[in-house]
Each structure stands twice: as structure tokens, then as C-alpha cells.
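Okay, structure first, notes after.
No hydrogens, no waters, no symmetry mates; every other heavy atom, side chains included, goes into these values. Atoms within each ligand, like the ligands themselves, are counted from 1 in listed order.
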Amino acid sequence: DKCSNGSRGALVVLEGLDRCGKTSQSTRLVKKLEELGYPAELFRFPDRNTVIGKMISSYLNSDSQLDDHTVHLLFSANRWEKRSLMESKLQSGITLIVDRYAYSGVAFSAAKGLDIEWCKAPDMGLLAPDLVLYLDISPEKASERGGYGGERYEQLEFQKKVAQAYQVLRDASWKIIDASLSVEDVEEQMRGILLDCAKTCRNGKSLSQLWL
Ligand code: Z5A
């Protein structure tokens with residue numbers, strides 16, 4: 001039982017614009033933590049494997065149309081579906097590296113023009129991250145990277161609005177990472193911060209709730 005001494009894993013979220021490198025980095029961070037003796041797992045939102053996740057995926061691929069409020073609530077519900085699983089993993093000592101979370105939910109819907117407080121409400125009470133790594137990159141630079149343009153939100157003007165909305169959500173748990181550098185240099189910036197966070201959680205920091 002990994003939890004026999006009462007220590008828990010850390011909840012670490014990676015956020016940023018499309019193509020900022022979250023997916024590449026989250027995989028590397030899980031591997032690094034494991035090497036250093038911290039059990040770790042990768043989560044990502046949307047989780048397209050659930051029934052709700054399949055609805056979201058079809059919307060993102062433009063195979064279905066949904067009202068902006070409706071899809072916002074689906075994204076939030078998709079996180080609530082995973083809340084208790086995430087909590088039990090954290091309590092058993094596993095650090096979770098999460099590729100997008102409630103901040104994406106609010107930033108993308110606010111960029112469409114929805115009220116920010118309305119957007120935050122359905123995610124209130126989810127587990128609050130111990131650390132948010134914001135992979136900072138200009139929308140222009142991100143758009144030059146591979147695979148850009150395929151899905152609904154991958155347009156430059158829209159990504160600029162998302163970047164503005166993210167700024168409103170920054171709080172003390174955020175660390176800003178320069179994501180315009182090489183994959184190795186981006187990881188290097190995060191490693192020390194991540195290990196400090198994992199240690200603090202292992203030493204008994206308690207879990208809290210988001211936006212309450
Ligand atoms: N969304 C929402 O509206 N509401 C919500 O609540 C949530 C999400 C959770 C799908 O998300 C969409 O859902 C997303 C937000 C919205 N829309 N947008 N835009 P997703 O996470 O499934 O998909 P994504 O944002 O498109 O993520 P991605 O494709 O996984 O991109 P990424 O993770 O940031 O980047 P990557 O895959 O690691 O890298 C992208 C490319 O850049 C790839 O070719 C890499 O080789 C390259 N790359 C990565 N790092 C570097 C560096 N450092 N230098 C050079 N090139 C690099």
C-alpha cells in the first residue's frame with residue numbers, strides 16, 4: 001500500500017494554447033517522476049473514451065453541432081466523471097499529470113463570449129491542482145507547429161482570445177513556462193518546480209477544492 005505513511009501524490013495540470021506542447025511534455029514528466037521514485041500517471045481532458053467524451057470528440061471534429069453552453073457543461077461533466085478516480089489515485093500516493101483541466105474549460109468558453117463566472121460555476125468543487133504549469137507561447141508561434149488547423153478551435157484569432165481569457169484565471173498555483181524553447185529546454189524549466197511540488201504533497205499538504 002503506497003499510502004501506508006499517509007503521503008499523497010500531487011495534482012499537476014498542464015495548460016496552454018493549442019500546440020503549446022502539453023502532450024509531449026506531460027508524457028516526459030510522467031517518465032521523469034517514475035525514474036525518480038514518484039509513482040505517476042497521465043490524465044487528459046477531454047477524456048474522449050467516456051460516453052460524454054465521445055460527444056465532445058464528435059463536436060470538436062465538427063461531426064455534430066452543440067450550443068456553446070451545452071458543450072461547456074459537457075466538458076465540465078467529463079471532469080466530474082473522473083473526480084473520484086483521481087482522488088483515490090492521489091490518496092494512494094500517485095502523482096497525476098493532467099493535460100488540460102477546468103482552466104481550459106473556462107478559457108475556451110469565455111473566448112466564445114460566455115460569462116466567465118457562469119463558466120467557472122460547474123467546475124467549482126473539483127480537486128484543486130497543487131500546481132498549474134502554463135506553457136506560454138504566442139498564438140502565432142504555436143500555429144507554425146505540426147498538425148495545426150484540423151479541429152474546431154484551431155484558428156489564430158480564436159487562440160488569441162483564449163490567451164487573453166487564460167490571463168484572468170492565473171492564481172498562486174500557476175507557474176509560467178516559456179514554451180517557445182526546445183522540447184528539452186521546456187522540460188528543464190519544469191523539472192525542479194514539479195519535484196518541489198511532489199515533495200510538499202508527499203509531506204502532507206492537504207487536497208483542496210477548486211474555486212471555492
Ligand atoms: N477544450 C475546451 O474547450 N474545454 C475544455 O474543458 C477542455 C478542452 C478540457 C481539444 O483539446 C480541444 O478542447 C482544445 C481545447 C478544448 N482545443 N483547442 N485548441 P486537446 O487537448 O485534445 O487538443 P489540443 O489542444 O489540440 O492539444 P494537442 O494537439 O494535444 O497539442 P499540445 O498537447 O499542446 O501539443 P503537442 O501535441 O505536444 O505538440 C504539438 C506539435 O508541436 C507536435 O507536432 C509536436 O511535435 C510539436 N512540439 C511540441 N513541443 C515542441 C517544442 N518545444 N518545439 C517545437 N515543436 C514542438
Side-chain angles (χ1 to χ4, degrees), residues 13-31 42-50 52-64 66-83 86 97-114 116 118-124 126 129 132-166 169 177-190 210-211:
V13 168
L14 272 69
E15 285 282 1
L17 298 181
D18 182 49
R19 299 301 182 264
C20 65
K22 296 176 292 21
T23 304
S24 317
Q25 294 297 335
S26 36
T27 315
R28 294 171 78 95
L29 292 180
V30 168
K31 200 162 154 254
L42 182 64
F43 273 63
R44 71 174 306 169
F45 293 108
D47 179 335
R48 302 185 192 220
N49 299 313
T50 69
I52 292 170
K54 287 189 171 69
M55 294 170 74
I56 294 171
S57 188
S58 142
Y59 168 81
L60 287 170
N61 292 319
S62 298
D63 295 334
S64 63
L66 290 169
D67 166 76
D68 292 343
H69 300 80
T70 309
V71 78
H72 181 81
L73 296 172
L74 290 179
F75 273 115
S76 178
N78 187 230
R79 285 182 282 278
W80 280 101
E81 289 186 288
K82 297 285 160 178
R83 189 197 183 284
M86 290 170 74
I97 302 291
V98 185
D99 184 352
R100 292 196 187 279
Y101 199 53
Y103 310 94
S104 283
V106 176
F108 281 80
S109 292
K112 294 172 174 173
L114 301 194
I116 207 149
W118 186 90
C119 291
K120 285 169 88 170
D123 283 309
M124 287 177 181
L126 284 175
V132 177
L133 296 163
Y134 182 76
L135 272 59
D136 193 24
I137 190 169
S138 73
E140 290 80 5
K141 178 130 192 181
S143 73
E144 291 161 11
R145 291 188 173 168
Y148 196 86
E151 280 196 338
R152 189 181 279 269
Y153 297 146
E154 295 170 354
Q155 289 151 14
L156 192 54
E157 286 312 307
F158 186 71
Q159 293 289 322
K160 287 182 186 169
K161 288 186 188 158
V162 175
Q164 284 170 1
Y166 265 126
L169 299 171
I177 305 298
D178 182 351
S180 66
L181 306 177
S182 70
V183 174
E184 293 75 18
D185 287 348
V186 175
E187 185 188 342
E188 181 61 36
Q189 293 173 73
M190 296 192 285
L210 191 63
W211 294 328

Seminar exercise, completed: Of Lys120, His72, His69, the one forming a side chain to side chain donor-acceptor pair (under 3.5 Å) with Ser109 is His72
Exercise. Crowded around Met55 CE? As in, over 12 foreign heavy atoms under 6.0 Å?
Worked result: no
Problem set entry | Residue portion contacting ligand 1 (non-hydrogen atoms closer than 4.0 Å) for Arg79 | side chain
Exercise. Has Arg48 got any heavy atom lying under 4.0 angstrom from an atom of ligand 1?
Worked result: yes
For this session: Report the part of Lys22 (side chain from C-beta onward, or backbone N, CA, C, O) that has a heavy atom under 4.0 Å from ligand 1; answer both or neither where that applies.
Result: both
For this session: Taking all non-hydrogen atoms of both residues into account, name the closest pair between Thr70 and Leu66 and its distance.
Result: CG2-CD2, 4.3 Å
Exercise. According to the interplanar angle, ranging from 0 to 90°, do the rings of Tyr166 and Phe108 count as parallel (below 30°), tilted (30 to 60°) or perpendicular (above 60°)?
Worked result: perpendicular
Problem set entry | Flag: protein heavy atom within less than 4.0 Å of atom 36 (P) of ligand 1 | yes
Exercise. Do the non-hydrogen side-chain atoms of Tyr153 and Asp18 ever get within less than 4.5 Å of each other?
Worked result: no
For this session: Take every heavy atom of Gln25, measure it against each atom of ligand 1, and state whether any distance is under 4.0 Å.
Result: no
For this session: Determine whether any heavy atom of Leu181 lies closer than 4.0 Å to an atom of ligand 1.
Result: yes
Exercise. Got a donor-acceptor contact below 3.5 angstrom from the Arg100 side chain to the Gly16 backbone?
Worked result: yes
Seminar exercise, completed: Closest to atom 50 (N) of ligand 1 by heavy-atom distance, out of Glu15, Arg145, Gln159, Gln155, is Arg145
Seminar exercise, completed: Between Trp80 and Pro122, the two heavy atoms sitting closest are NE1-O, 2.7 Å
Exercise. Would the number of heavy atoms belonging to other residues, nucleotides or ligands and lying under 6.0 Å from NZ of Lys112 be above 12?
Worked result: yes
Exercise. Is there at least one pair of N or O atoms, one from Phe108 and one from ligand 1, spaced under 3.5 Å apart?
Worked result: no
Problem set entry | Residues Lys160 and Glu157 bridged, charged N to O under 4.0 Å | yes
Problem set entry | Polar contact flag for Pro46 and ligand 1 (N/O pairs, less than 3.5 Å) | no
Exercise. Short N/O distance, under 3.5 Å, between Gly105 and ligand 1?
Worked result: yes
For this session: Report the residue from Arg19, Glu15, Gln25 that forms a side chain to side chain contact (heavy atoms under 4.5 Å, CB included) with Leu135.
Result: Gln25
Problem set entry | Selection from Arg100, His72, Arg28 by shortest heavy-atom distance to atom 11 (O) of ligand 1 | Arg100
Exercise. Starting from atom 24 (P) of ligand 1, which protein heavy atom do you reach first, and at what distance in Å?
Worked result: Asp18 OD1, 3.2 Å
For this session: Decide yes or no for Asp136 and Cys20: does some side-chain heavy atom of the first lie under 4.5 Å from some side-chain heavy atom of the second?
Result: no
Exercise. Where the side chain of Asn78 meets the backbone of Leu74, is there a donor-acceptor pair that is under 3.5 Å apart?
Worked result: no
For this session: From atom 20 (P) of ligand 1, work out which of Arg19, Glu144, Arg44 has a heavy atom at the shortest distance.
Result: Arg44
Exercise. Which heavy atom of the protein is the closest neighbour of atom 33 (O) of ligand 1, given with residue, atom name and distance?
Worked result: Thr23 OG1, 2.5 Å
Exercise. Can you list the atoms of ligand 1 that are under 4.0 Å from a heavy atom of Phe45?
Worked result: 9 (C)
Problem set entry | Atoms in ligand 1 flagged as close to Ser24, the criterion being non-hydrogen separation under 4.0 Å | 36 (P), 38 (O), 39 (O), 49 (C)
Seminar exercise, completed: ligand 1 atoms nearer than 4.0 angstrom to some heavy atom of Tyr153 are 3 (O), 16 (C), 17 (N), 18 (N), 19 (N)
Problem set entry | Under 4.0 Å to a heavy atom of Val183 - the qualifying atoms of ligand 1, by number | 50 (N), 51 (C), 52 (C), 53 (N)
For this session: Do me a favour and list the nearest non-hydrogen protein atom to atom 5 (C) of ligand 1 with residue, atom name and distance?
Result: Phe75 CD2, 3.1 Å
Exercise. Would a 4.5 Å heavy-atom cut-off, applied to side chains only, mark Ile137 and Arg145 as touching?
Worked result: yes
Exercise. So is Tyr101 polar-close to ligand 1, meaning N/O to N/O under 3.5 Å?
Worked result: no
Exercise. What protein heavy atom sits nearest atom 43 (C) of ligand 1, and how far off is it?
Worked result: Gly146 O, 4.4 Å
